[in-house]
Amino acid sequence: METASAEIPSSPGINRRTLLRGGAVAGLGALVPSSSVFAVPGGAASEGAEPSADGLLLTKFRDPLRTPPVLRPRGRGGHDELTVRLRTADVTVHSELAPVRMWTYEGSYPGPTIETVRGRRLRVVWENHLTGNMPVTAVEFGRPGGPMPDPLSNYPGTEGCREVPGVADLGPWAAVHLHGMLTGGGNDGWMENLVGPGEEQLSAYPNDQAATMLWYHDHTHHVSRFSVYAGLAGLFVCRDAQERALGLPRGGHEVPLVLSDRNFALDGSGALTGRLVHKVEMVNAKLMRAHAAPYTLVNGVVWPYLEVQPRWYRFRIVNTANSRIYRLMLLADGRPVPGAFQVIGSDQGLIDRPLPVEGALNLSPGERADVLVDFSAFRGRSVKLVNTMEGVVPGGSSTRHDLLEPDVMQFRVAGRGSAGRFTPPGRLSPAFRRSTHHDLPHGGRPRWVVLVGPGSANVPELWEMEEVERADAEGIAFPSAGVVQVEDAEGTVTTLRRTAMRYDDGNAFTVAHRGVEIWKYLNLAAAPHPMHIHLAHFQVLSRENYDVTGFDRVVRGSARPVAFLGAAELEPHELGEKDTVRVGTAGQIIPGPNGTPGELVTVAVRFPVVGRGVHHCHMLEHEQHMVRPLVVGPAAHRPAGGGHH
């Protein structure tokens with residue numbers, strides 16, 4: 001979408017400085033609200049709610065958490081079938097806010113949780129009953145001279161913004177992608193195979209992978225940042241006998257937490273209207289800061305609360321936000337609870353044993369985590385789930401303590417009740433096994449993907465690379481556009497040359513069916529990027545820090561090799577089977593005075609299905625720029641002598 005020039009009228013009576021007291025914590029280029037702002041002046045708050053002394057609009061922890069409805073397929077012969085309707089609906093996200101017009105699955109946001117059993121092949125008919133145009137007001141703002149220290153995206157409304165042309169006229173086309181399902185390209189929800197109102201998308205899913213939680217969402221090419229924001233997202237849970245035998249918390253003690261963020265419009269009096277607003281800052285004509293909105297939703301409710309018993313709970317957490325990274329901590333009396341999260345699973349299922357999270361649980365868009373939490377030590381108290389994106393430790397010495405705790409939700413722990421007899425099992429998945437370099441192919445070269453931003457067109461770029469023979473590298477004058485040199489821990493220098501970066505450049509990675517490949521993601525950009533591979537699953541082998549100051553950002557090539565600095569630790573939820581991985585430090589927003597270290601993330605990728613798919617950045621504002629086709633086929637069908645065609 002191109003930048004518009006039309007100004008949207010400002011809302012009278014709104015002073016942005018009254019919305020946030022003092023400063024705030026930057027997160028992905030946008031500030032986040034304090035722990036006590038955005039409340040209705042004089043409004044009647046329910047017990048445990050947090051009104052604001054000087055705030056505006058919505059009381060925190062006023063409304064209970066909703067659990068999405070559950071859909072279970074019906075058996076027919078040797079497979080299961082299900083019909084899911086895409087519908088326009090008015091959804092209540094807060095009791096003090098008018099219902100929000102959204103595009104949904106089955107009339108709810110998030111859509112219903114589809115619950116299945118492993119080994120039962122599933123056919124889903126996605127029926128498009130959407131009406132009207134895109135129910136989102138898309139606006140942008142910016143000023144000459146670079147990013148604003150206090151951007152308008154922190155605040156509701158469209159004051160001082162320009163409308164993004166074309167979005168208001170987008171019709172209800174859709175393409176449903178079941179994120180993480182290992183299905184062939186013909187059923188994956190190809191982003192250009194759109195279905196319009198009255199049409200159907202038929203998808204067949206093998207549904208033969210470990211018990212886990214996936215999620216489905218719209219994947220319409222160039223438009224997903226608006227269509228997912230409009231509400232097109234839901235959960236998919238697969239069960240199996242191995243998971244059931246563990247005796248994990250279930251029923252009301254197994255709770256999905258679908259994280260997202262939204263912004264809303266204001267009317268002429270300064271009151272929220274419930275109209276969705278997608279607002280981003282344009283640093284220049286094309287480069288936008290990653291989207292981050294001021295209101296946090298969990299299961300479609302703004303800042304909800306959940307009443308829990310003093311016992312163990314299982315939380316299935318997914319980050320469905322457009323671009324926001326959630327750095328989650330549990331706070332009691334304003335202090336972090338050490339080891340509050342016991343991770344038992346990642347994107348693609350259970351890991352081998354529970355692992356405590358020391359610090360924060362970092363989830364970038366598209367990632368999931370399966371965690372256990374024990375509330376027995378908090379009888380009769382309230383604890384909060386907060387997002388500390390910048391790596392700030394709540395309860396520290398900062399004078400802006402309350403501004404460093406952007407709330408997500410509240411848990412109200414009952415004073416009475418049995419803690420139960422549950423003990424986390426010492427062994428979770430006997431079938432799970434961590435890959436090592438000894439298990440992996442030694443003959444082929446790894447795939448290299450380099451993340452650059454901003455590129456020559458002032459947008460983030462995804463570069464597919466090929467290794468250059470040493471003799472050929474000696475003839476290259478450095479720096480040279482599209483050529484990157486990497487010096488590893490042993491001092492070996494690898495020269496890489498860009499082969500493609502735009503979606504339609506023509507070349508594509510071609511991969512052998514049932515093959516295993518090593519992919520290396522090198523982040524030379526100033527922000528982290530969550531990378532998602534369709535038609536595949538992978539294990540993260542390593543995360544390493546690199547000095548990237550040798551990369552010439554003007555020429556966009558190496559003046560000297562980017563050099564190994566040291567190994568970084570993998571987080572507990574990164575130790576399982578995955579389909580999305582963050583490349584870049586979770587708190588990495590802008591380069592420091594000596595240059596923020598870049599990251600090299602190495603993954604072992606398996607390709608169990610065939611077809612044409614894509615690999616891309618799952619920050620939806622980046623997806624249109626950072627996406628490349630991927631083709632998986634029988635080994636005999638691969639082009640001779642290469643991994644491109």
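Here the side chain of T320 pairs a donor or acceptor atom with the backbone of L259 at under 3.5 angstrom. Of the possible polar contacts, one joining the R66 side chain to the G300 backbone as a donor-acceptor pair under 3.5 Å is found. Between the side chain of N387 and the backbone N or O of R327, at least one donor-acceptor pair lies under 3.5 Å. Looking at T212, its side chain does come within 3.5 Å of a backbone N or O of D347 through a donor-acceptor pair. Without hydrogens or angle criteria, D407 side chain to V386 main chain gives no donor-acceptor distance under 3.5 Å. Between the side chain of S108 and the backbone N or O of P110 there is at least one donor-acceptor pair closer than 3.5 Å. For the pair D267 (side chain) and S269 (backbone), a donor-acceptor distance under 3.5 Å is present.
How far CD1 of I533 is from NZ of K578: 11.5 Å, rounded to the nearest 0.5 Å. Interatomic distance, S382 OG to L331 CG, rounded to the nearest 0.5 Å: 12.5 Å. Taken to the nearest 0.5 Å, the CG atom of L306 stands 7.5 Å off from the OG1 atom of T67. Annotation: the span from R87 atom CZ to L130 atom CG amounts to 10.0 Å, rounded to 0.5 Å. To the nearest 0.5 Å, the span separating CG on L152 from SG on C161 amounts to 5.0 Å. Summarising the geometry, atom CE belonging to M329 is positioned 11.0 Å from atom CG belonging to L385; distances are rounded to the nearest 0.5 Å.
For the residue pair G189 and Q201, the shortest heavy atom distance occurs at CA-NE2, 3.9 Å. Listed here is the closest heavy atom pair of G111 and P68: O-CB, 3.8 Å. Between L65 and M409, the shortest heavy-atom distance links the atoms CD2-CE, 4.2 Å. Here the closest heavy-atom approach between residue T131 and residue W103 is recorded as O-NE1, 3.4 Å. Nearest heavy atoms, A332 versus F378: CB-CE2, 3.7 Å. Nearest heavy atoms, Y295 versus P156: OH-CG, 3.7 Å.
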Subject >> CA sep, side-chain torsions, deciding dist, call: V383, Q410, side chain to side chain contact (heavy atoms under 4.5 Å, CB included) >> reply: CA-CA 6 Å; V383 295; Q410 181 190 63; over 6 Å; no
Original post:
Can you check side chain to side chain contact (heavy atoms under 4.5 Å, CB included) on L620 and F226, steps first, answer last?
Top reply: CA-CA 9 Å; L620 299 185; F226 303 122; over 6 Å; no
Original post:
Would V255 and Y313 satisfy side chain to side chain contact (heavy atoms under 4.5 Å, CB included), going step by step from the backbone distance to the final call?
Top reply: CA-CA 8 Å; V255 182; Y313 278 73; 4.3 Å; yes
Original post:
So L86 and D218, side chain to side chain contact (heavy atoms under 4.5 Å, CB included) or not? Walk me through it.
Top reply: CA-CA 10 Å; L86 285 69; D218 188 68; 5.6 Å; no
Subject >> E159 and K279: CA distance, side-chain angles, deciding distance, salt bridge (Lys or Arg N to Asp or Glu O under 4.0 Å) verdict >> reply: CA-CA 11 Å; E159 179 182 4; K279 180 163 45 173; over 6 Å; no
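In summary, the aromatic rings of Y216 and W126 are positioned with their centroids under 6.0 Å apart. The six-membered or imidazole ring of H221 lies near that of Y503, with a centre-to-centre distance under 6.0 Å. Taking the six-membered ring for Trp and the full ring otherwise, H615 and H532 have centroids separated by 6.0 Å or more. Taking the six-membered ring for Trp and the full ring otherwise, W215 and H618 have centroids separated by under 6.0 Å. Ring centroids of Y305 and F411 are separated by 6.0 Å or more, keeping the two rings apart.
The aromatic rings of F375 and F315 stand perpendicular to each other, their planes meeting at an angle above 60°, with 30° marking the opposite boundary.
Put simply, the side chain of I317 reaches to within 4.5 Å of the side chain of L361, judged on heavy atoms. With contacts defined as side-chain heavy-atom distances shorter than 4.5 Å, the pair L82/I114 qualifies. At a threshold of 4.5 Å between non-hydrogen side-chain atoms, the residues L276 and M102 count as touching. With a 4.5 Å cut-off on side-chain heavy atoms, L170 and N133 do not count as touching. In this structure, the side chains of E307 and P64 stay at 4.5 Å or more apart for every pair of heavy atoms. Contact of the L462 side chain with the M531 side chain is registered, since non-hydrogen atoms from C-beta on lie closer than 4.5 Å. P460 is not listed as a side-chain neighbour of C617, based on a closest heavy-atom distance of 4.5 Å or more.
A donor atom on one side chain and an acceptor atom on the other are not found under 3.5 Å apart for T104 and E106. There is a side-chain donor-acceptor pair under 3.5 Å between T580 and H179. Remark: the E96 side chain and the T59 side chain contain an N/O donor-acceptor pair separated by less than 3.5 Å. For the residue pair T137/R275, the side-chain donor-acceptor check at 3.5 Å is satisfied. Side chains of H622 and H529: a donor on one and an acceptor on the other come within 3.5 Å. Side-chain atoms of E623 and S224 include a donor-acceptor pair closer than 3.5 Å. No hydrogens or angles considered: nothing links the side chains of S227 and T220 as a donor-acceptor pair under 3.5 Å. Remark: the D261 side chain and the Y326 side chain contain no N/O donor-acceptor pair separated by less than 3.5 Å. In this model, no donor atom of one side chain and acceptor atom of the other lie less than 3.5 Å apart for N128 and E200.
With sequence neighbours left out, E254 forms a side-chain contact (heavy atoms from CB on, under 4.5 Å) with R239, R250, R314, R316. Annotation: salt bridge (charged side-chain N to carboxylate O under 4.0 Å, His left out) contacts of D579 (sequence neighbours excluded): R368.
A cation-pi arrangement is present between R262 and Y229, with the terminal nitrogen or guanidinium carbon under 6.0 Å from the aromatic centre and inside a 45° cone about the axis.
Screening H625, H177, H219 against H616 for a ring-ring contact (aromatic ring centres under 6.0 Å, His included) leaves a single residue, H219. The only member of L297, N319, N299 that meets side-chain contact (heavy atoms from CB on, under 4.5 Å) when paired with S260 is L297. When each of R289, E621, R225, H291 is checked for a side chain to side chain donor-acceptor pair (under 3.5 Å) with S323, only E621 meets the rule.
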